[in-house]
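Here, residue 1 is the first one in the sequence, and each next residue gets the next number. The figures that follow rest on heavy atoms only: side chains count, while hydrogens, waters and symmetry mates do not. Both ligands and their constituent atoms are indexed starting at 1 by order of listing.
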Amino acid sequence: MVLSGRTKTFLAEFRRNFHTTGALLPSGKSLAFEVTKHLAIPHRKPLKILEVGPGTGPVTRIIAKRMIKGDTLDAVEINPAFALAMSELVANEADFAAHRSRIRVIEADLVTLPGNEEYDAIICGLPFNNFDSELVGQMFNSLEGLLKPGGRLSYFEYWAIQTLKLPFVGSKTRQRLRGIGRLTGEIRKRMGGATRLILANFPPALVHHLLKPKS
Ligand SMILES: C[S@@+](CC[C@H](N)C(=O)[O-])C[C@H]1O[C@@H](n2cnc3c(N)ncnc32)[C@H](O)[C@@H]1O
């Protein structure tokens, strides 16, 4: 199998930074289309979009293809190797040309991002199940704080990671995963929205589309 440069970068970062990378391979097209589907609504208004954890950019590419005139995109990435790969991608590839001047790659940790109700849409690829539940809580606080009332938060998690992993891990990890499951379940219940299973991805993923209530 011939691997692209971007896939090699992703694999290298999976080995070097498994904790924050959280996946062996970049997302496939079906997952990227589903998690960005609200950007494809016909005749929509220009939006301020935030992508969290772009990695090597498979989702960013689809966001760029679905952007319209007046949209802006901030892509925030904690890993310097991915942030550099993303900056090069945006600067050089034709898929980004139409909206290049309105796309920023920001090398930062999500939880340090300033701003209050800045974004109309947030698309998030963070590997929540790798973190402790306190950090996951902080991350969702940041995501909700950055989202405007009436805005959408779309994120994915690998399907059945909670149930498949649970029998094979120690009690500490089991407790941690259950805590994250409870926390994210409560957030989904409170915000409301829809979930879709994408089997055509490695690994298969659940995409959650949440809506921040208008106050
Ligand atoms: C599962 S990968 C997803 C990458 C890409 N979106 C995709 O779908 O292939 C998770 C990404 O989130 C980034 N990340 C992890 N923690 C982060 C944080 N606190 N702030 C910003 N990015 C983070 C990782 O470096 C990695 O690029």
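Less than 4.0 angstrom separates some heavy atom of L110 from each of these atoms of ligand 1: 18 (C), 19 (N), 20 (N), 21 (C). For ligand 1, the atoms lying closer than 4.0 Å to a non-hydrogen atom of V76 are 21 (C), 22 (N). The atoms of ligand 1 that sit less than 4.0 Å from any heavy atom of N79 are 25 (O). With ligand atoms numbered from 1 in the order given, ligand 1 contributes 1 (C) to contacts under 4.0 Å with heavy atoms of Y158. The distance from ligand 1 to the heavy atoms of G125 drops below 4.0 Å at these ligand atoms: 1 (C), 2 (S), 3 (C), 10 (C), 11 (C). When each atom of ligand 1 is checked for a heavy atom of P58 under 4.0 Å away, the hits are 7 (C), 9 (O). Near A108, meaning under 4.0 Å from any of its heavy atoms, are these atoms of ligand 1: 20 (N), 21 (C).
Scanning for salt bridge (charged side-chain N to carboxylate O under 4.0 Å, His left out) contacts around E34 gives K37, R196, with sequence neighbours left out.
At a heavy-atom cutoff of 4.0 Å, ligand 1 is contacted by no atom of F128, backbone or side chain. Residue contacts with ligand 1, taken as heavy atom pairs separated by less than 4.0 Å, do not involve N17 at all. Only side-chain heavy atoms of F156 come within less than 4.0 Å of ligand 1; its backbone N, CA, C and O stay farther off. When non-hydrogen atoms are compared, ligand 1 lies under 4.0 Å from the backbone of T21 (N, CA, C, O) but not from its side chain.
Within the structure, ring pair (Phe, Tyr, Trp, His ring centres under 6.0 Å) contacts touching residues 22-76 (residues at least two apart or in different chains) are H38-H209.
Counting all heavy atoms, side chain and backbone alike, E77 lies closest to G55 at OE1-N, 2.9 Å. Summarising the geometry of M139 relative to V111, their closest heavy-atom pair is CG-CG1, 3.9 Å, with the distance given to 0.1 Å. Closest of all the heavy-atom pairs between A64 and I103 is CB-CD1, 4.4 Å.
In terms of N/O distances under 3.5 Å, ligand 1 is not approached by F10. Close N/O approach between E77 and ligand 1 is found [any backbone or side-chain N/O within under 3.5 Å]. Ligand 1 has no nitrogen or oxygen under 3.5 angstrom from a nitrogen or oxygen of V59. Distances between N or O atoms of S27 and those of ligand 1 include at least one value under 3.5 Å. For the pair P127 and ligand 1, the shortest N or O to N or O distance does not fall below 3.5 Å.
By the 4.0 Å N-to-carboxylate-O rule, R16 lies close enough to E13 to be salt-bridged with it.
Remark: E134 CD is loosely packed, at most 12 non-hydrogen atoms of other residues, nucleotides or ligands lying under 6.0 Å away. The number of heavy-atom neighbours closer than 6.0 Å to CZ of R100, taken from other residues, nucleotides and ligands shown, is above 12. The number of heavy atoms from other shown groups lying within 6.0 Å of CD (Q175) does not exceed 12.
Between the choices A32, G55, G53, the shortest heavy-atom distance to atom 6 (N) of ligand 1 belongs to G53. Nearest-heavy-atom check against atom 5 (C) of ligand 1 across P54, P26, A75 picks out P54. When the heavy-atom distances from atom 19 (N) of ligand 1 to D109, L24, V52, T20 are ranked, the shortest goes to D109.
Ligand 1 is never approached by G57 to a heavy-atom distance shorter than 4.0 Å. At least one heavy atom of M139 sits less than 4.0 Å from an atom of ligand 1.
Shortest contact from atom 21 (C) of ligand 1 to any protein heavy atom: I78 N, 3.5 Å.
Side chain to side chain, N92 and E88 fail the donor-acceptor criterion of an N or O pair below 3.5 Å.
Ring geometry for H208 against Y155 counts as tilted: the plane angle lies between 30° and 60°, on a 0 to 90° scale.
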Quiz item: When you look at K48 and D120, which way does the salt bridge (charged side-chain N to carboxylate O under 4.0 Å, His left out) test go after all the steps?
Solution: CA-CA 5 Å; K48 278 189 83 175; D120 301 288; over 6 Å; no
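Looking at L39 and R44, their side chains come closer than 4.5 Å, going by heavy atoms from C-beta outward.
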